[in-house]
Amino acid sequence: MNRVAPKWTNLNSRSGQGLMGNSCSTAARFLPGFVEPPWTDLNPHLHLALIARLMRYQMEGARVYFGADGSVYRRDDTYYQEEARKFIKGGGRLQYWKTRLVDFGADPVDLVDRRLPVGDQHVIQLRYVVYRTEGQKVLGKLPRGMCNRPTWRGSTFLVTDDLSGPDPHILDGGPVGVLSSSAVLIYQGKPIVLNDGGDEITVFKNWDNGRLAPICTLAYPYYKFNQGE
């Protein structure tokens, strides 16, 4: 990846090694060699219930969603259905891909780490449109070497084969969510997971041992805008 990174960019890696040579997720998503998965766009209006369930799973976590710890839902179905409608109205896209994304997952009920069933998995990405404030729009006018925040973000989920809800074997969402706060791209024929935390983006891959693990962190440049922008 270093070969294709622009010369002026810089990497902060958790391992201390220059793995990727780039300073923002906008550039990371469009580096040569990174391509979008072959998503199939589903009609979100026909899958409103699925979107609402994934939003609950993401916000409240798998343990709460599946009732594993005795917790009750913090919000009722009406709230998430309305959030799903807002997602659709705001230009959100419901994307589907049948592939092998991860091999291991901690069960939400007993928290035991297990190898997931063999075969392809049903992957859904909620693709959100990101609207910028007036201050953030200034980033688009910065000189070469400075990069703006992306115009979209993804939330990724493994779902059941009938697309009715989240996979019951994955501990994700809530404070431990990785996939549910990440977008998926393909690099050298394999999925790469980009977890965008707002100020930095962490790149994950499915290592040879079958576990999803971070390989580097890319930091956004920081700028202070005038008050009120």
Side-chain angles (χ1 to χ4, degrees), residues 24-31 33-62 65 80-81 83-105 108 116 119-131 149-174 176-198 200-206 212-215 218:
C24 69
S25 66
T26 301
R29 295 178 191 185
F30 297 103
L31 279 173
F34 281 76
V35 296
E36 285 261 20
W39 297 111
T40 296
D41 275 275
L42 305 179
N43 186 335
H45 296 280
L46 300 180
H47 296 278
L48 183 70
L50 171 62
I51 297 172
R53 289 168 188 155
L54 295 180
M55 287 180 167
R56 179 187 294 281
Y57 177 88
Q58 180 183 26
M59 295 301 296
E60 304 194 24
Y65 184 92
Y80 288 107
Q81 290 167 1
E83 288 300 301
R85 293 187 183 96
K86 290 179 182 177
F87 168 79
I88 297 171
K89 186 176 180 180
R93 294 164 60 186
L94 181 65
Q95 300 177 301
Y96 171 78
W97 182 28
K98 189 176 181 180
T99 189
R100 185 72 180 182
L101 187 61
V102 293
D103 293 331
F104 278 83
L116 298 174
D120 286 342
Q121 295 158 335
H122 302 276
V123 181
I124 286 287
Q125 180 171 270
L126 301 183
R127 183 163 173 153
Y128 292 80
V129 176
V130 175
Y131 296 98
R149 295 176 184 273
T151 57
W152 64 273
R153 63 181 177 86
S155 295
T156 304
F157 308 86
L158 297 189
V159 301
T160 55
D161 56 3
D162 61 357
L163 307 185
S164 63
D167 189 305
H169 303 297
I170 297 292
L171 178 66
D172 202 72
V176 299
V178 173
L179 286 178
S180 62
S181 57
S182 301
V184 176
L185 293 178
I186 295 175
Y187 181 73
Q188 294 184 343
K190 296 183 178 180
I192 289 287
V193 176
L194 302 181
N195 183 262
D196 194 338
E200 64 182 20
I201 186 164
T202 303
V203 183
F204 290 80
K205 68 168 288 188
N206 201 12
L212 199 66
I215 58 174
L218 312 168

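Quick caveat, the model's predicted, so the values are computed rather than measured.
- Remark: the Thr99 side chain and the Asp120 side chain contain no N/O donor-acceptor pair separated by less than 3.5 Å.
- Once rounded to the nearest 0.5 Å, the distance linking CG of Leu42 with CG of Leu163 reads 6.5 Å.
- The minimum heavy-atom distance linking Thr160 with Pro168 is given by the pair CG2-CD, 4.2 Å.
- Note that NE2 of His169 is 11.0 Å distant from CD of Gln121, once rounded to the nearest 0.5 Å.
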Could you please spell out the steps behind the side chain to side chain contact (heavy atoms under 4.5 Å, CB included) verdict for Ile88 and Ile51?
CA-CA 9 Å; Ile88 297 171; Ile51 297 172; 4.3 Å; yes
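- In this structure, Arg153 forms a cation-pi arrangement with Tyr128, its terminal cationic atom sitting closer than 6.0 Å to the ring centre and no more than 45° off the ring axis.
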Side chain to side chain contact (heavy atoms under 4.5 Å, CB included) between Leu185 and Val35: does it pass, once the steps are laid out?
CA-CA 6 Å; Leu185 293 178; Val35 296; over 6 Å; no
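- Using the six-membered ring where Trp is involved, His122 and Tyr96 have ring planes that are parallel, under 30° apart on the 30 and 60° scheme.
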What's the verdict on side chain to side chain contact (heavy atoms under 4.5 Å, CB included) for Thr156 and Leu126, showing C-alpha distance, side-chain angles and the deciding distance?
CA-CA 6 Å; Thr156 304; Leu126 301 183; over 6 Å; no
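- Two residues are said to be in side-chain contact when any heavy atoms from C-beta on lie closer than 4.5 Å; Leu54 and Val159 meet this criterion.
- You'll find the side chain of Leu116 reaches within 4.5 Å of the side chain of Val102, heavy atoms only.
- Under the 4.5 Å side-chain criterion, counting only non-hydrogen atoms from C-beta, Arg100 is not in contact with Pro191.
- Remark: Gln125 CD to Ser182 OG distance equals 9.5 Å, nearest 0.5 Å.
- Rounding to the nearest 0.5 angstrom, the gap separating the OH atom in Tyr57 from the OH atom in Tyr65 is 9.5 Å.
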Could you walk me through whether Ile124 and Gln95 satisfy the side chain to side chain contact (heavy atoms under 4.5 Å, CB included) test, starting with their C-alpha distance in whole Å, then the side-chain angles of each, then the deciding distance to 0.1 Å, before giving a yes or no?
CA-CA 6 Å; Ile124 286 287; Gln95 300 177 301; over 6 Å; no
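- The two residues Pro37 and Ile186 have their closest heavy-atom pair at CA-CD1, 3.6 Å.
- Checked by atom type, the side-chain pair Ser155/Gln58 shows a donor-acceptor distance below 3.5 Å.
- Summarising the geometry, atom CG belonging to Leu50 is positioned 9.5 Å from atom CG belonging to Leu48; distances are rounded to the nearest 0.5 Å.
- The shortest non-hydrogen separation linking Asp172 to Leu179 is OD1-N, 3.3 Å.
- Ile170 approaches Gly105 most closely through the heavy-atom pair CD1-CA, 4.1 Å.
- Summarising the geometry of Tyr80 relative to Glu60, their closest heavy-atom pair is OH-OE2, 2.8 Å, with the distance given to 0.1 Å.
- Remark: Glu83 CD to Lys86 NZ distance equals 4.5 Å, nearest 0.5 Å.
- Annotation for Val129 and Gly90: closest pair CG2-O, 3.5 Å, computed over non-hydrogen atoms.
- Using a 4.5 Å heavy-atom cutoff, the side chains of Val184 and Leu194 are not in contact.
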